[in-house]
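Quick notes on the structure that follows.
Only a predicted model underlies this, so the values are computations on that prediction, with no experimental measurement involved. These numbers come from the heavy atoms of this one structure, side chains and all, not from hydrogens, waters or symmetry mates.
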Amino acid sequence: MDETFGEVQAGDLEGVIEVTSRLNQISAYDLSVKNEYMGFADFRASFTPETPSDWTVEPTEGSLTSRDPTNFILRFRPNNPGTSEGHLVIETEDFKKTWKLVGSTG
């Protein structure tokens with residue numbers, strides 16, 4: 001999907017996702033997204049280049065439908081104390097949704 005969409009770039013923010021976890025432990029956040037248009041569309045879920053590797057998302061590719069939401073699991077596993085920030089981008093050919101990520105060990 002990287003060939004289709006190119007480099008991951010943040011768009012207009014849908015919101016901020018804040019997650020707290022202890023060092024080297026995983027905290028998860030569930031996010032549901034539907035296709036805003038009729039039918040289905042292939043998607044890519046990815047992070048902007050500056051987002052630390054503390055963050056992962058599943059699934060990273062698939063199809064969004066307008067009928068049933070797709071559930072994404074966002075995981076934060078801090079390797080260093082403090083704050084970890086970045087952006088999650090879920091995009092199709094028709095739309096792009098971006099969330100700011102703020103993870104902390106506090």
Side-chain angles (χ1 to χ4, degrees):
M1 294 301 279
D2 288 342
E3 295 168 0
T4 303
F5 296 114
E7 182 177 324
V8 180
Q9 296 180 355
D12 295 335
L13 286 182
E14 295 288 319
V16 178
I17 297 173
E18 296 184 49
V19 181
T20 302
S21 184
R22 293 179 182 219
L23 276 178
N24 298 310
Q25 293 192 7
I26 297 172
S27 287
Y29 183 92
D30 295 328
L31 179 69
S32 294
V33 178
K34 283 173 119 176
N35 183 5
E36 299 175 351
Y37 303 97
M38 295 281 294
F40 71 94
D42 291 336
F43 73 84
R44 170 180 72 177
S46 193
F47 300 100
T48 53
E50 77 278 357
T51 305
S53 61
D54 298 342
W55 297 93
T56 59
V57 65
E58 289 181 0
T60 58
E61 294 181 354
S63 292
L64 291 178
T65 68
S66 57
R67 177 180 251 191
D68 299 314
T70 298
N71 296 315
F72 294 88
I73 300 172
L74 184 63
R75 290 183 178 90
F76 173 61
R77 184 178 188 262
N79 296 309
N80 297 300
T83 303
S84 173
E85 295 186 10
H87 291 90
L88 169 66
V89 179
I90 299 173
E91 60 188 317
T92 70
E93 288 183 359
D94 298 319
F95 70 84
K96 178 188 288 193
K97 294 182 176 284
T98 303
W99 289 266
K100 180 175 182 174
L101 307 174
V102 180
S104 68
T105 56

- Any chance you could lay out the side chain to side chain contact (heavy atoms under 4.5 Å, CB included) test for Thr48 and Val8, step after step, and finish with the verdict? CA-CA 5 Å; Thr48 53; Val8 180; 4.1 Å; yes
- Mind running side chain to side chain contact (heavy atoms under 4.5 Å, CB included) on Phe47 and Leu74 for me, showing each step along the way? CA-CA 11 Å; Phe47 300 100; Leu74 184 63; 3.8 Å; yes
- Under the side chain to side chain contact (heavy atoms under 4.5 Å, CB included) criterion, do Val16 and Val102 qualify, and how do the steps go? CA-CA 7 Å; Val16 178; Val102 180; 4.0 Å; yes
- Message: With side chain to side chain contact (heavy atoms under 4.5 Å, CB included) as the criterion, how do Asp42 and Thr92 come out once you've worked through the C-alpha distance, each side chain's angles and the decisive distance to 0.1 Å?
- Response: CA-CA 6 Å; Asp42 291 336; Thr92 70; over 6 Å; no
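Atoms OH and CH2, from Tyr29 and Trp99 in turn, are 9.0 Å apart once rounded to the nearest 0.5 Å. Expressed to the nearest 0.5 Å, how far CG of Asn79 lies from CG of Asn24 amounts to 5.5 Å. Atom-to-atom distance recorded for Ile90:CD1 and Thr60:OG1 is 11.0 Å, nearest 0.5 angstrom. We find the OG1-CD distance between Thr98 and Gln9 to be 10.0 Å, quoted to the nearest 0.5 Å. Atoms CZ and CD, from Arg77 and Gln25 in turn, are 9.0 Å apart once rounded to the nearest 0.5 Å. Note that CG of Asp94 is 14.5 Å distant from CZ of Phe43, once rounded to the nearest 0.5 Å.
When all heavy atoms are compared, the tightest approach of Ser27 to Val19 is CB-CG1, 3.5 Å. Taking both residues in full, the closest heavy atoms of Leu101 and Thr51 are given as CD1-CG2, 4.4 Å, listed atom of the first, atom of the second, then distance. The two residues Pro78 and Arg22 have their closest heavy-atom pair at CG-O, 3.4 Å. The shortest heavy-atom contact between Glu50 and His87 is OE2-ND1, 3.4 Å. Considering all non-hydrogen atoms of both residues, Ser32 and Asn71 come closest at OG-OD1, 2.5 Å. Closest approach of Val89 and Ala10 over heavy atoms only: CG2-CA, 4.1 Å.
Taking the six-membered ring where the residue is Trp, Tyr37 and Phe95 present tilted rings, their angle falling between 30° and 60°.
With sequence neighbours excluded, the residues that form a ring pair (Phe, Tyr, Trp, His ring centres under 6.0 Å) with Trp55 are Phe76.
Shown here is Lys96, whose NZ atom has more than 12 heavy atoms of other residues, nucleotides or ligands within 6.0 Å.
At a threshold of 4.5 Å between non-hydrogen side-chain atoms, the residues Ser66 and Phe40 do not count as touching.
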